[in-house]
Amino acid sequence: MKSEDSEIVKMLAGLFGSLIAMAVILFVLAHMIVSGADINPRGGAAKAAFASQAAPAGHATIASRVLDAVISPAQAAAMPANGKAVFEGTCVACHGPGIVGAPKFGDKAAWAHHIAKGLPTLYKHALNGFHGHTGTMPPHGGNPSLTTAQVEAAVRYMVSHSR
Ligand code: HEC
């Protein structure tokens with residue numbers, strides 16, 4: 001009877017010991033994740049470096065706005081060909097406010113001569129890029145991780161809300 005009791009006590013002690021060890025490991029892991037949160041390849045430092053290289057003075061805000069709107073390849077791959085989501089993830093950077101010569105979302109007058117070209121041409125220009133009278137549309141809206149279907153869905157979304 002006595003030896004059985006001490007077996008149970010030993011077992012419980014072992015169990016508690018490993019629970020405490022696990023709690024400590026989880027705490028350390030959580031701490032590492034939290035403090036490593038800004039070690040992100042698309043994070044602030046990379047964006048700032050790109051913005052200052054790519055943009056002459058005065059355009060930094062536009063460049064960083066575009067970069068902020070660009071989603072990561074992992075996010076893009078997980079996204080269905082949902083025109084609204086693609087628009088809001090990428091195209092909105094220029095077509096939302098209508099900056100750098102991009103026809104503004106919902107602006108029928110601005111879109112009319114684009115829409116007149118027909119969807120196949122608009123798809124081609126959105127996919128391959130396009131230099132027009134007002135500015136430059138970058139290929140895939142500057143987001144190479146978007147699929148053809150995603151870019152075309154975004155074109156349809158913008159066109160159907162701007163005619
Ligand atoms: C960096 C800014 C920028 C982003 C981001 C952008 N566009 Fe554009 N886009 C433009 C500009 C500028 C034009 C106007 C070019 C012209 O007609 O002079 C344009 C024009 C277009 C046109 C009309 C092309 C034509 O032949 O008339 C389509 C369609 C289009 N964009 C689709 C998209 C889609 C879809 C996305 C997102 C996947 C996107 N754009 C993201 C700048 C942008």
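Whatever order the structure lists them in is the order used to number ligands and atoms, beginning at 1. All values derive from a computational prediction rather than experimental measurement.
For T136, no nitrogen or oxygen atom sits less than 3.5 Å from a nitrogen or oxygen atom of ligand 1, counting backbone and side chain alike. Taking only nitrogen or oxygen atoms, main chain and side chain alike, K117 reaches within less than 3.5 Å of ligand 1. Considering backbone and side-chain atoms alike, H131 places every N or O at 3.5 Å or more from each N or O of ligand 1. On a distance-only criterion, A154 and ligand 1 share no N/O pair closer than 3.5 Å. Residue-to-ligand polar distances keep H113 apart from ligand 1: every N/O pair is separated by 3.5 Å or more. Considering both main-chain and side-chain atoms, H140 never comes within under 3.5 Å of ligand 1 through any nitrogen or oxygen pair.
Put simply, no part of G142 is less than 4.0 Å from ligand 1, judged by heavy atoms.
Within the set G132, A110, C94, the minimum heavy-atom distance to atom 1 (C) of ligand 1 is found for C94. Among P138, G141, A102, A93, the residue whose heavy atom lies closest to atom 11 (C) of ligand 1 is A102. Taking only non-hydrogen atoms, the option from V151, V100, I115, L122 nearest to atom 29 (C) of ligand 1 is L122. Comparing H125, R156, K124 by heavy-atom distance to atom 26 (O) of ligand 1, the nearest is H125. Between E152, H114, M137, it is H114 that holds the heavy atom closest to atom 27 (O) of ligand 1.
Nearest to atom 8 (Fe) of ligand 1, among the N, O or S atoms that H95 has, is NE2.
Here C91 fails the criterion, with no N, O or S atom under 2.8 Å of atom 8 (Fe) of ligand 1.
Contact annotation: for M158 versus ligand 1, heavy atoms closer than 4.0 Å belong to the side chain alone.
Applying the side chain to side chain contact (heavy atoms under 4.5 Å, CB included) rule to M137 yields the partners H95, A126, F130; only residues at least two apart in sequence or on another chain are considered.
Residues in residues 116-128 take part in these side-chain hydrogen bond (donor to acceptor under 3.5 Å, both in side chains) pairs, two or more places apart or across chains: Y123-R156.
Atoms CE and CZ, from M158 and R163 in turn, are 13.0 Å apart once rounded to the nearest 0.5 Å.
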Verdict with reasoning, E152 to L127, per side-chain contact (heavy atoms from CB on, under 4.5 Å): CA-CA 8 Å; E152 292 182 354; L127 289 165; 3.8 Å; yes
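A donor-acceptor distance shorter than 3.5 angstrom exists from the side chain of S160 to the backbone of Y157, with no hydrogens or angles considered.
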